[in-house]
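Single-structure report; data block below.
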Amino acid sequence: QHTETAPLPSYDEVLVCTSDTGEEEVELLVRRALSPGSQDQKIYCLLGADKLVYKVSKKLESHFFRLVQSSSTPNYRFIIFCNAKAHKSYVITAFDAYKVTFPCYSKTVVQTYLKMHLKVPSGTAPIAQAFEEPYQQNVKFVFSERAGMGK
């Protein structure tokens with residue numbers, strides 16, 4: 001359901017997957033989503049799950065279905081995002097029965113929503129001023145090949 005006032009997900013609700021994502025990271029997110037205390041309006045998301053290596057994809061499948069069968073949480077919120085063109089992904093095959101297509105929102109609608117939720121309240125985040133943009137954001141992604149290099 002689309003609503004302009006719905007908050008963005010918090011750090012513990014999202015796992016951005018790469019080919020280096022490990023089994024433990026995936027299992028932790030699945031456990032959070034399917035545990036009895038998960039009905040607190042959080043929506044757990046695996047982004048780019050099609051990038052998971054085969055071994056991790058198999059573990060995702062086994063953890064998910066094992067926990068669904070043993071869970072007393074019928075209304076869990078767990079979304080797996082995959083590239084629709086990643087036809088060789090094991091995750092896409094394993095969860096094919098659950099596949100849905102999301103509505104397509106215009107670029108303007110998405111930008112408006114993000115601008116509203118990513119603005120820094122005045123005087124609260126001086127680090128945001130390091131980025132020279134017309135509007136201040138409180139989220140920036142910094143990637144480096146060398147870990148711990150001043151980030």
Side-chain angles (χ1 to χ4, degrees), residues 1-118 120 125 127-128 130-131 133 137-151:
Q1 176 180 337
H2 172 69
T3 172
E4 291 180 12
T5 58
L8 288 168
S10 62
Y11 72 93
D12 65 328
E13 294 174 77
V14 178
L15 177 61
V16 179
C17 300
T18 68
S19 58
D20 295 327
T21 301
E23 296 172 25
E24 300 82 18
E25 296 170 286
V26 170
E27 181 181 4
L28 180 61
L29 190 75
V30 172
R31 284 186 183 279
R32 282 183 194 145
L34 299 176
S35 67
S38 69
Q39 296 177 338
D40 55 2
Q41 302 302 313
K42 290 189 175 189
I43 301 174
Y44 295 92
C45 307
L46 276 177
L47 299 180
D50 53 285
K51 295 177 185 167
L52 294 172
V53 296
Y54 179 77
K55 181 180 176 184
V56 177
S57 298
K58 287 286 288 179
K59 288 292 185 179
L60 166 62
E61 177 188 32
S62 66
H63 289 311
F64 176 80
F65 287 109
R66 181 176 46 81
L67 288 169
V68 163
Q69 289 175 351
S70 65
S71 178
S72 60
T73 308
N75 298 320
Y76 59 87
R77 296 174 176 206
F78 184 61
I79 302 173
I80 301 173
F81 290 93
C82 293
N83 182 342
K85 296 178 184 175
H87 301 293
K88 295 181 180 179
S89 167
Y90 184 81
V91 173
I92 292 174
T93 304
F95 293 92
D96 187 61
Y98 298 94
K99 182 170 65 173
V100 296
T101 303
F102 280 94
C104 186
Y105 296 107
S106 72
K107 182 178 177 181
T108 306
V109 169
V110 173
Q111 285 177 332
T112 302
Y113 173 82
L114 290 174
K115 283 180 184 178
M116 183 176 85
H117 287 281
L118 295 179
V120 177
I127 193 66
F131 300 98
E133 295 190 15
Q137 295 181 338
N138 63 2
V139 176
K140 293 289 179 184
F141 287 99
V142 178
F143 296 94
S144 173
E145 296 296 321
R146 298 172 59 193
M149 299 304 295
K151 297 186 294 267

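Quick caveat: nothing in here was measured; it's all calculated off a predicted structure.
- Here Lys51 contributes atom NZ and Thr18 contributes atom OG1; the two are 8.0 Å apart, rounded to the nearest 0.5 Å.
- Nearest heavy atoms, Ser57 versus Tyr90: CB-CD2, 3.7 Å.
- Two residues are said to be in side-chain contact when any heavy atoms from C-beta on lie closer than 4.5 Å; Tyr44 and Leu34 fail this criterion.
- Listed here is the closest heavy atom pair of Leu47 and Phe81: CD2-CD1, 3.2 Å.
- With rounding to the nearest 0.5 Å, the separation of CG in Leu52 from OG in Ser89 is 7.5 Å.
- Phe95 has its ring centre no less than 6.0 Å from the ring centre of Phe78.
- For Thr108, the side-chain hydrogen bond (donor to acceptor under 3.5 Å, both in side chains) test picks out no residue, with sequence neighbours left out.
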Pair Asp12-Lys42, salt bridge (Lys or Arg N to Asp or Glu O under 4.0 Å): steps then yes or no
CA-CA 9 Å; Asp12 65 328; Lys42 290 189 175 189; 2.6 Å; yes

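- His63 has its side chain out of reach of Val26: every pair of non-hydrogen atoms, C-beta onward, lies at least 4.5 Å apart.
- One distance of note links CD of Glu61 with NZ of Lys58; it measures 5.0 Å at 0.5 Å rounding.
- Note that OH of Tyr54 and NZ of Lys59 are 11.5 Å apart. Values are rounded to the nearest 0.5 Å.
- Remark: the backbone N or O of Gly22 is paired with a side-chain donor or acceptor of Glu25 at under 3.5 angstrom.
- Contact of the Ile92 side chain with the Ile80 side chain is not registered, since no non-hydrogen atoms from C-beta on lie closer than 4.5 Å.
- Here Lys107 contributes atom NZ and Thr112 contributes atom OG1; the two are 11.5 Å apart, rounded to the nearest 0.5 Å.
- By the side-chain hydrogen bond (donor to acceptor under 3.5 Å, both in side chains) test, Glu23 pairs with no residue at all, sequence neighbours left out.
- Note that CD1 of Ile79 and CD1 of Ile43 are 5.5 Å apart. Values are rounded to the nearest 0.5 Å.
- With sequence neighbours excluded, the residues that form a side-chain contact (heavy atoms from CB on, under 4.5 Å) with Ser19 are Val53.
- Side-chain rings of Tyr105 and Tyr113 stay apart, their centers remaining 6.0 Å or farther from each other.
- Val91 places none of its side-chain heavy atoms less than 4.5 Å from the side chain of Asp50.
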Let me see the working for Leu29 and Val14 under side-chain contact (heavy atoms from CB on, under 4.5 Å), right down to the final yes or no.
CA-CA 8 Å; Leu29 190 75; Val14 178; over 6 Å; no

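- The two residues Gly48 and Cys17 make their nearest non-hydrogen contact at O-CB, 3.4 Å.
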